[in-house]
Asker: 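Mind looking over this structure? Questions follow.
Order of appearance sets the numbers: ligands from 1, and atoms from 1 within every ligand. Numbering of residues begins at 1 and proceeds along the displayed sequence.
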Amino acid sequence: MQRRSFIKKVGIGSLAMTTFPLTTIHNDPEYSIVELTGKATIDLYGEGINLRKEAHDAFVLMKKAAYSAGFDIKMISSYRDFYRQEAIWERKYISYTEEEGMLPIDAIAKIIEYSTIPGTSRHHWGTDIDIIDGYPKVNGDVLVPEKFEEGGPFEPFKNWLDKNAEKFGFYLVYTDDYFRKGFKYEPWHYSYAPLSKPMLTQFRKKNIFRMIQNETFEGAEHFTTSFLKNYIHNNILDINPDLL
Ligand SMILES: [Zn+2]
C-alpha cells in the first residue's frame, strides 16, 4: 500500500517536471505571419518612439542614461509597417531602373545593401530602432557609417552605445564584421533582443520564401529562387549572433 502510493507520487512528480518547461514555452506570445510582416495593426507606445511596450520602456531608460552621459538620443526610425517599406522599396526601384537605367537585378542588389524587401524588415516588429545623437550639428545624411567612426560627429555616442546599449537589451544588428554577409554595417540600427529574438525564431519557422514570392510590388517579378534563398540566408539571418 505504502509502496504503491510512493510510485504514484513519483509518477505525478515526474509528470509535473516534464510539463513545466513546456508550459513556459507556451507562455511566450505567438506572432502571426501578418504581424511579423508588418501587415497587422499593433499597439505602439511613446510619442516619437513607436515601439512595443517592453521595448519602449527599455528605450526610455536608455535615453535617460544617455542624457546623463551627455547625449540626446534622437529616433530616426522605429516601427515601420509593410506599406511604408513597400513605398521605400518601389521609390528606389523605380529611380534605379527608370531614371538611372539599371537592370532590374542590379537595382535590386543595390537596394538590398541597406533596404529590406517589404515584409522582411525588422522595423515591422516594433522592436528595432535607428538612432543618432541629436546634439552635434551634422551636414547631409545622418545614417552614414563614417559619421559614427573616428573623427565623425557621432563617434562619442557610438562609444557610449558600445559600452551601454546591451545593458538595456539593445543589440547592434548589422555588425561591422568583415565575414558577415547581407546588409552592410549599420552602426545606428539596434534591436531590443528580449522581444526580437523570439520574433525572429518564429519568423524563420514561417514560409518566408513563399510569402515574398506571392508579393506583387515593383521588381518582385525579378526575384529568382536562388536570389530569395540567398536573401533569407544572408540578409535575414547573417546578423549579430547575439540576436539569433
Ligand atoms: Zn534600421
Asker: Kindly give the atom name of the N, O or S atom of H189 closest to the Zn ion (ligand 1).
Answerer: ND1

Asker: Suppose we only count N/O/S atoms under 2.8 Å; would D130 qualify as near the Zn ion (ligand 1)?
Answerer: yes

Asker: Determine, for F82 and K39, whether the Lys NZ or Arg CZ falls below 6.0 Å from the six-membered ring centre while staying within 45 degrees of the axis.
Answerer: yes

Asker: Assess whether atom OH of Y67 is packed by more than 12 heavy atoms of other residues, nucleotides or ligands within 6.0 Å.
Answerer: no

Asker: Using 30° and 60° as the class limits, which term best fits the ring planes of F203 and W125: parallel, tilted or perpendicular?
Answerer: perpendicular

Asker: For the residue pair H189 and Y174, categorise the inter-ring angle as parallel (less than 30°), tilted (30 to 60°) or perpendicular (more than 60°).
Answerer: perpendicular

Asker: Among the N/O/S atoms of H123, select the one at the shortest distance from the Zn ion (ligand 1) and name it.
Answerer: NE2

